[in-house]
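In what follows, every chain begins at residue 1, and chains take the letters A, B, ... in the order their sequences are listed.
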Number of protein chains: 2
Amino acid sequence: MHSITEENYLKAIYTLQGNGDGLVSTSDLAKALGVQPASVTDMVKKIVKKKLITYLKMKGVRLTEKGKLAAIAIIRKHRLWECFLVNKLGFKWDEVHEVAEQLEHVQSEQLIARLDEFLGFPVADPHGDPIPDANGVFSEPPSFPLATLSAGGKGKFVGVIDHSPAFLTYLDKIGLALGDLIKVKMVEEFDKSLTILLKNEKSIMVSFKVANNLLVS
Amino acid sequence: MHSITEENYLKAIYTLQGNGDGLVSTSDLAKALGVQPASVTDMVKKIVKKKLITYLKMKGVRLTEKGKLAAIAIIRKHRLWECFLVNKLGFKWDEVHEVAEQLEHVQSEQLIARLDEFLGFPVADPHGDPIPDANGVFSEPPSFPLATLSAGGKGKFVGVIDHSPAFLTYLDKIGLALGDLIKVKMVEEFDKSLTILLKNEKSIMVSFKVANNLLVS
DNA sequence: TATATTATTTAGACTTGTCTAAATATAATG
DNA sequence: CATTATATTTAGACAAGTCTAAATAATATA
Ligand SMILES: [Mn+2]
Ligand SMILES: [Mn+2]
Ligand SMILES: [Mn+2]
Ligand SMILES: [Mn+2]
């Protein structure tokens, strides 16, 4: 149906587009895909012909409804594969992304349907990212960065914003895992760093930067 | 490392080459890959540069040791994925080949090692085809076509030669499954068809063509 | 052996996806 | 407003992989 390259363009546009339906610039897309802006301009013209995106010259691109559904389908596959790798094969959460980038392009409706069932219809991947259903519908629980809480505030750690292996292994190291209940003990005025309390009574200190990349609900 | 196309060429050459180290002709390869002979000639020259095959103009190609190992690695992946699809996801043995053709090209040593472990280090795929180990070594149990047995002969059904969905679903229909013990009750002189006895006392008749595609040991 | 048939390679072209260098449009600055 | 800097597109090229049509080599046949 769509080439792997096309799928990667759609996915990149989807994530850059965010919730808003804003235009995505050629150069942002180029940066995200690791290609030159000129290559993006060429490719974009081809994808427009398939009615997956609209393109305003010198302004940027935007997914059509058809393109958005295609992008979500790929994200669904990516996240289901990440669940498989972590929950069934014993991968760590910082090791799965690259492999899932390949697996997400395997074409088989049946495969994904059965994988979903095999995994017990998970609603979030190992990073807490929501998994859309087969119709592309997300049932996203509202979440916000830990950094927005003040002293005394509580939340459950449900996801990360930064997905880099560096950040993920850091969280492993300080013993913070998805699902943990967090209570903010203190917020340092000077650098906005937080002292947080986990349910195992352990108290740890995290920088503002870290707290800003932890999603709680 | 190698492109998907290159991998498919290596795999096709390996299976056409068989046990013997005979040369594989351009046109046989073209037929197997579903491309024109002229395309094969072009592609072959590129693969030669990577020292994966040797090529004698007007004669054919042959895998180098390096090429043979590469081909076996892909076959290993293909068969492990087929095990996964059947044993874990509940696919039927006639439904897995196409999906495995895609999954076999996913690049990750770790993925295959962990999948192998997850599956319990299987030695054969759902069609009875042997799975080489990580070093490319097969521990193939000797087998032969059921048709070579005469009346009174016994064997265990361990594999198929014909892998077509049509043949596989036919076997399902007559109730013949991998691992079944088979006793040859009678061989019809006229058309060489066999009457065979399964361990559940059921007696069934199979044509010579079918018996020739059933491997027993 | 000469001729017809089949197998294989060469030549030239096309598609996909990418690149660099140059041209053009937009935004920022004085 | 004129100039400079940045963003974007166009032009021309390239590699991978394929194709068709034509040329050449090998095989079969008379
Ligand atoms: Mn990921
Ligand atoms: Mn993820
Ligand atoms: Mn197969
Ligand atoms: Mn098989």
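Close to C:dT24, at under 4.0 Å from its OP1 or OP2, lies no side-chain N or O of A:Lys57. Contact check, A:Lys45 against D:dT9: no side-chain N or O comes under 4.0 Å of OP1 or OP2. OP1 or OP2 of D:dA7 has not a single side-chain nitrogen or oxygen of A:Thr26 nearer than 4.0 Å. The phosphate of D:dA16 has neither OP1 nor OP2 within less than 4.0 Å of any side-chain N or O from B:Tyr9. The phosphate of C:dT16 (OP1 or OP2) has no side-chain N or O of A:Ser3 nearer than 4.0 angstrom.
Once rounded to the nearest 0.5 Å, the distance linking NE2 of B:His127 with CZ of B:Arg79 reads 10.0 Å. Interatomic distance, NE2 of A:His78 versus CD1 of A:Ile131, reported as 10.0 Å (0.5 Å rounding). Rounding to the nearest 0.5 Å gives a distance of 12.0 Å between CD1 of A:Ile47 and OH of A:Tyr55.
Between A:Phe84 and A:Phe118, the two ring planes are tilted [angle within 30° to 60°].
Protein atom OH of A:Tyr55 is 11 Å distant from nucleotide atom C1' of D:dA7, rounded to whole Å. Across the protein-nucleic acid pair, B:Met58 atom CE and D:dA23 atom P stand 15 Å apart, rounded to whole Å. As a whole-Å value, the separation of B:Lys59 NZ from D:dA25 C1' is 11 Å. Between the C1' atom of C:dT16 and the CD atom of A:Glu7 lies a distance of 15 Å, rounded to the nearest Å. Rounded to an integer number of Å, the gap from CD of A:Glu6 to P of C:dT15 is 15 Å. If you take NZ of B:Lys49 and P of D:dA15, they are 10 Å apart, rounded to a whole angstrom. The distance between atom CD1 of A:Ile4 and atom P of C:dT15, rounded to the nearest whole Å, is 21 Å. The NE2 atom of B:His2 sits 17 Å away from the C1' atom of D:dG17 (whole-angstrom rounding).
Within the 3.5 Å criterion, the main-chain N or O of A:Leu63 finds a donor-acceptor partner in the side chain of A:Gln17. Side-chain atoms of A:Thr64 come within 3.5 Å of backbone atoms of A:Lys51 as a donor-acceptor pair (strictly under, hydrogens ignored).
Contacts with DNA chain C (heavy atom under 4.0 Å) in residues 35-43 of chain B: B:Pro37, B:Ala38, B:Thr41, listed by number.
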Item to check | Working for salt bridge (Lys or Arg N to Asp or Glu O under 4.0 Å), residues A:Arg76 and A:Asp116 | outcome: CA-CA 10 Å; A:Arg76 170 171 156 81; A:Asp116 194 18; 3.2 Å; yes

